[in-house]
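Report on one structure; see the data block that follows.
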2 protein chains.
Amino acid sequence: MDFLSGLELMIDSYQGKEQSFGVNLNLAIVRLSCEEGCVKVIEMARRLGVTADTVRFYTRIKILKPGKNKTNGYREYSESDYNRLRFALSARQLGFSVEDIQEILNHADKKKSPCPTVRRLIEHRLNETEQRFAETQQLRERMQQAAIEWSQKPDKVPTGDMICHLIEEFAQ
Amino acid sequence: MDFLSGLELMIDSYQGKEQSFGVNLNLAIVRLSCEEGCVKVIEMARRLGVTADTVRFYTRIKILKPGKNKTNGYREYSESDYNRLRFALSARQLGFSVEDIQEILNHADKKKSPCPTVRRLIEHRLNETEQRFAETQQLRERMQQAAIEWSQKPDKVPTGDMICHLIEEFAQ
DNA sequence: TTACACCTGTGTCCAAGACACAGGTCAAGA
DNA sequence: TCTTGACCTGTGTCTTGGACACAGGTGTAA
């Protein structure tokens with residue numbers, strides 16, 4: 001039984017008499033709780049290897065819901081925020097969009113398995129990625145081929161209907 | 001000697017006496033000249049196999065400089081516009097950015113060879129494309145691998161620190 | 001006249017951050 | 001105490017190449 005749990009038990013045992021203590025004990029719990037697991041922006045970013053702007057971005061779109069320091073107004077990111085951002089970054093690495101991530105987190109927030117949604121979304125995003133991969137591959141080949149052909153061609157000045165013969169004479 | 005050239009010669013030979021004709025002959029030249037080679041947005045788009053919005057986009061960024069019909073205010077795209085857009089579309093197909101294209105056209109407009117610029121730019125864009133290709137390839141492989149692994153895994157409900165085990169347990 | 005296709009200039013949207021701005025807070029050093 | 005620089009906030013803007021939206025004008029067949 002750690003200190004916080006013991007403190008909570010003390011609070012509970014004084015339930016009917018909490019007015020004797022005012023709100024000071026509750027504040028103590030909040031303060032201790034944040035010192036145990038709450039961090040500011042840069043620390044959060046450091047722990048997950050991203051920029052502070054990325055942390056702020058996910059806060060802005062409400063994937064992260066930090067508390068607020070009453071003294072200076074700074075945000076305080078909890079362990080839960082840490083887990084959520086770690087999850088979001090993993091999902092981004094796997095090609096899920098930010099909106100996908102919000103949908104998955106909604107399921108999890110309701111204590112429902114997000115797995116069926118995740119399976120559906122990965123199929124969809126994988127198809128998109130396959131297409132983008134094919135397009136980029138074709139473009140890469142075109143550009144490589146053009147560079148090779150152009151190395152054998154002279155520079156020319158534009159004519160009335162030809163702006164750049166390199167580009168306009170490229171066969172594809 | 002075609003009809004328009006003959007008409008221009010007639011105009012020139014009446015140079016000192018054009019007031020006898022008013023502006024009617026000049027309008028006739030403009031009108032005929034546009035009928036010979038000027039088209040409206042949709043026709044321009046149709047001839048190049050793009051959308052009218054694409055034509056309007058390139059007009060907006062001043063790659064195309066259409067005339068204007070005095071009667072109804074509609075744009076009239078010349079043969080030169082046609083050549084420029086055809087060029088721009090070819091360059092886009094080769095991975096040049098719109099800004100690249102504007103730079104190349106500036107050279108051509110000054111009657112200078114754009115070829116050195118084109119060679120420099122294709123190198124740059126090819127490097128970018130190679131990188132994008134590599135990234136997309138890696139993403140594609142990750143996603144494919146994830147889909148395979150997940151097909152052998154059960155659905156699970158989130159826990160306190162795990163939102164979706166599929167995503168979070170994916171090894172990479 | 002009506003209806004519909006076409007036209008214009010201008011503004012906004014798209015994605016996932018990165019950057020900008022004006023102003024507040026913190027803490028070490030002089 | 002003051003200064004300075006790092007850090008913080010909320011909010012706005014930017015990035016790219018089109019696609020879309022909007023309010024209003026034009027053309028033409030029925």
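Predicted, not measured: the structure shown is a model, and the values here were computed from it. Just so it is clear: chains get the letters A, B, ... in the order the sequence lines come, proteins before strands, and each one is counted from 1.
B/Y58 contributes no side-chain N or O that forms a donor-acceptor pair with the base of D/dG18 under 3.5 Å.
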message: Run B/L139 and A/R132 through side-chain contact (heavy atoms from CB on, under 4.5 Å) and show every step you take.
response: CA-CA 11 Å; B/L139 175 60; A/R132 194 160 61 246; 4.0 Å; yes

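When distances run from any side-chain atom of B/F57 to the nucleotides D/dG17, C/dG17, C/dC6, the shortest one goes to D/dG17. Out of C/dA16, D/dG17, C/dA18, the shortest distance to the side chain of B/V98 is found at D/dG17. In the set C/dG17, D/dT26, D/dT9, D/dT9 carries the atom at the smallest distance from any side-chain atom of A/K68. Checking D/dC8, D/dG27, C/dT8 against the side-chain heavy atoms of B/V41 singles out C/dT8 as nearest. Checking D/dG17, C/dC7, D/dC8 against the side-chain heavy atoms of A/I42 singles out D/dC8 as nearest. Side chain of A/T51, nearest nucleotide from D/dG17, C/dA18, C/dA16: C/dA18. Closest to the side chain of A/R75, from the set D/dC7, C/dT10, D/dT9, is D/dT9. Among C/dA16, C/dC7, D/dA19, the nucleotide with an atom closest to any side-chain atom of B/D53 is D/dA19.
Distance CZ (A/R60) to P (C/dA18): 13 Å, rounded to an integer number of Å. Rounded to whole Å, atom C1' of D/dG25 lies 7 Å from atom OH of B/Y74. Note: CZ (B/F96) to C1' (D/dG18) measures 20 Å, nearest angstrom.
For A/H165 (side chain) and B/C115 (main-chain N/O), no donor-acceptor pair under 3.5 Å exists by modelled atom type.
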